[in-house]
Amino acid sequence: MATKVTPLSGFPELLPAERLLELAFLDTIREVFELHGFAPIETRAVEPVERLVGKGGDTDKEIYAVGRLAARGEESGESDLGLHFDLTVPFARYVLEHAGRLSFPFRRYQIQKVWRGERPQEGRFREFTQADIDVVDVDTLAPHFEAEMPLVIAEAFARLPIGEFRIQVNNRRIPEGFYQGIGLTDVAGTLRIVDKLDKIGPAGVTRLLLEAGATAEQAEQCLALAAIRTEDAGFVDRVRALGVTNDVLEDGLRALAAVIDTAAAVAPGVVVADLRIARGLDYYTGTVYETQLVGDEEWGSVCSGGRYDALASDGRTTYPGVGISIGVSRLVHLMVTKRGLTANRSTPSAVLVAVTHEDSRPASTAVATALRARGIACEVAPRADRFGKQIRYADRRGIPYVWFPGADGPGDEVKDIRSGEQVPADPATWECPAADLHPTVVGG
RNA sequence: GUGGGUGUAGCUCAGCAGGUAGAGCAUCUGGUUGUGGUCCAGAGGGCCGCGGGUUCAAGUCCCGUCACUCACCCCA
């Protein structure tokens, strides 16, 4: 039965060359994560719904429910399951479940799909991949981990062909204490409004704040705070100059200054204090991160996270943590569609072994086996077409070399179809140039 | 969930005073009988998203519906 196929909005699928690009990104990310000693884990795709709800604010209603078709309408007694919408909530559950077998502080990385049922848009998907690192400890978490997270990301991003980027850091206690200090009680609501600053500008934010019940002076103070952005701990004096005193505020200033001082010493200019950012899910309690690509800030954040002190608790023991997550799908999608990045071929094959005649296919297969034994990815031509077609088969896929087996015994030759150069070669000794061994990232 | 836009060939799109479906690219074949890319010639390929209505006649007008898309919300 021929059913018309249509794309599913928000569930993107990549072509081979794009997937190879994504894999190249993932390889780099994983390598850097492991260089920093993060241990790999994977959690199941589903969690009991009651564990997911209430953790991510408005994401509650975006959770995908999962159930057996046969369970519909029956009193199954099964607990309701939902697909996880991030990797932090499942990780918190994982820590509680396996605490007895883990060593703390526990540092792990996790690269998996997550699902959110929100309306898709450019660079916003319903199914996407996150690459997440977190550190959790028992009862207390040393503050230096909050400086470490963005530095690991900075190292990974520096190895990716994505250009310049800025990791913006804030501490939620700063706006919280500040807003309280000037008499605003709806901290979350105010944060949400101020967060729109980039989109609607100061006048728009002022208008919304006034509508929310703030005075003109309070709105002005909010904007003054949000305007502060420094590459070092200079933000502390600028906040103090606003004349607001509050213990929570002071606490936040101290914490953020510590993160910025540490980060600035290692990666100056990459990690900046930006007091307007407030994002992240509801469970963040202190430091929060957000990352933008320089020149393409309107794309939104491609990496964010923060510190959470109460996400994982069994009632007796609390496991505070801090983590940060790369939006791999968004990053790759934007690189492909906006910057023209892709892989230089649509298959891993470095060599196409031609088939002279169907009768001699075993000889071609033997060549391929010899090449593979030495780590050279290759495939055998699907048909014993005339050589022009076999070369075209390779050309269409970006395969750089075509191997022509000799008629009888020796006499093999390999052709670089880009240059046209063709030389005698032996499958047991031929060296594929390192640059051609694997697909590489091109474009941009 | 709310509002706007768009649904025609694999892809990008044209067609609209209502009169039995087009272009470019891609694919395939041949020129080129075992060495590609250029060029030339040709071919295949469409319930014009779906359902209903108006009409002698609907890809074209009307209504509905679904999908995609942009914005809001929220977020990687």
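Proteins get letters first, then strands, A, B, ... in listed order; numbering begins at 1 in each.
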Worksheet, complete the sentence: To the nearest angstrom, the CZ-P distance between A:Phe85 and B:rC75 comes to 10 Å

Worksheet entry | Nearest-Å distance once atom P is located in both B:rA21 and B:rC16 | 15 Å

Protein and nucleotides 66-69 of chain B: nitrogen or oxygen contacts under 3.5 angstrom:
residue, atom, partner, partner atom, Å
B:rC68, OP1, A:Pro7, O, 3.4
B:rC68, OP1, A:Ser9, N, 2.5
B:rU69, OP2, A:Ser9, OG, 2.4

Worksheet entry | Backbone of A:Val46 reached by a side-chain donor or acceptor of A:Arg44 within 3.5 Å | yes

Fill in: Non-neighbouring partners of A:Phe33 that pass ring-ring contact (aromatic ring centres under 6.0 Å, His included), sequence neighbours left out
A:Tyr109

Fill in: B:rA76 base stacked by A:Phe125 (centroids within less than 5.5 Å, tilt under 30°)
no

Fill in: N-O pairing of A:Asp132 and A:Arg108 below 4.0 Å
yes

Practice prompt. List in numerical order all residues of residues 291-301 of chain A for which some heavy atom is under 4.0 Å away from an atom belonging to RNA chain B.
Written response: A:Ser301

Discussion item. Whole angstroms only, please: what is the CG-P distance between A:Asp198 and B:rC74?
Written reply: 15 Å

Discussion item. Strictly below 4.0 Å: does A:Lys196 bring a side-chain N or O up to OP1 or OP2 of B:rC74?
Written reply: yes

Worksheet entry | Note: A:Glu22-A:Arg19 ion pair, threshold 4.0 Å (strictly below) | yes

Fill in: Nearest-nucleotide 5' precedence on RNA chain B, A:Asp416 against A:Val302
A:Asp416

Fill in: C1'-based separation of B:rC61 from B:rA17 [nearest Å]
12 Å

Worksheet entry | A:Phe25 CZ - B:rA76 C1' separation (whole Å) | 15 Å

Fill in: Watson-Crick and G-U pairing of RNA chain B, under 3.5 Å, as dot-bracket with | and [ ]
(((((((..((((.....[..)))).(((((.......))))).....(((((..]....))))))))))))....

Worksheet entry | P-based separation of B:rC72 from B:rU55 [nearest Å] | 45 Å

Discussion item. Treating A:His333 as the side-chain partner and A:Arg124 as the backbone partner, does any N or O pair qualify as donor plus acceptor under 3.5 Å?
Written reply: no

Fill in: Backbone N/O of A:Gly406 and side chain of A:Asp412: donor-acceptor pair under 3.5 Å
yes

Worksheet entry | Toward the 5' end of RNA chain B, by each residue's nearest nucleotide, A:Arg124 or A:Gln130 | A:Arg124

Worksheet, complete the sentence: When A:Phe157, A:Tyr289, A:Trp299 are each screened for ring-ring contact (aromatic ring centres under 6.0 Å, His included) with A:Phe165, the one that passes is A:Phe157

Worksheet item: Hey, are A:Arg107 and A:Asp134 close enough for a salt bridge, meaning a charged N less than 4.0 Å from a carboxylate O?
Response: no

Worksheet item: Are any of the side-chain nitrogens in A:Lys415 or A:Glu421 under 4.0 Å away from the carboxylate oxygens of its partner?
Response: no

Fill in: Inter-residue atom distance A:Ile399.CD1 - A:Ser346.OG, 0.5 Å rounding
7.5 Å

Worksheet item: Are the side chain of A:Gln390 and the backbone of A:Asp385 linked by a donor-acceptor contact shorter than 3.5 Å?
Response: yes

Discussion item. In whole Å, I'd like the distance from the CD atom of A:Glu62 to the P atom of B:rG1.
Written reply: 10 Å

Worksheet item: Over how many whole Å does the gap from A:Gln390 atom CD to B:rU32 atom P extend?
Response: 20 Å

Discussion item. Between B:rG59 and B:rU6, how far apart are the two C1' atoms, rounded to whole Å?
Written reply: 15 Å

Worksheet item: If we take the C1' atom in both B:rC50 and B:rC25, what is their distance in whole Å?
Response: 29 Å

Item to complete: Using the C1' atoms only, state how far B:rC66 lies from B:rU29, rounded to an integer number of Å.
Response: 40 Å

Worksheet entry | Contact under 4.0 Å: A:Lys199 side-chain N or O vs B:rC72 OP1/OP2 | yes

Item to complete: Please state the P separation for the pair B:rC11 and B:rU69 - nearest whole angstrom.
Response: 14 Å

Mind listing the N/O atom pairs, protein and nucleotides 28-30 of chain B, below 3.5 Å?
residue, atom, partner, partner atom, Å
B:rC28, OP2, A:Arg396, NH1, 3.4
B:rU29, OP1, A:Lys389, NZ, 2.7

Worksheet item: To the nearest Å, how far apart are A:Gln422 CD and B:rU35 P?
Response: 11 Å

Worksheet item: In whole Å, what separates the C1' atom of B:rG19 from that of B:rG24?
Response: 27 Å

Worksheet item: Quick one: salt bridge (charged side-chain N to carboxylate O under 4.0 Å, His left out) pairs with a partner in residues 388-400 of chain A, sequence neighbours left out?
Response: none

Discussion item. Can you measure A:Phe165 atom CZ to B:rA76 atom P for me and round it to whole angstrom units?
Written reply: 18 Å

Response to the item:
When rounded to whole Å, the OH to C1' distance for the pair A:Tyr283 and B:rC75 reads 11 Å

Discussion item. Closer than 4.0 angstrom, basic N to acidic O: yes or no for A:Asp186 and A:Arg192?
Written reply: no

Worksheet item: Does the pair A:Glu62/A:Arg126 count as a salt bridge with the N-to-O cut at 4.0 Å?
Response: no

Worksheet entry | SB check A:Asp198 A:Arg276 (cutoff 4.0 Å) | yes

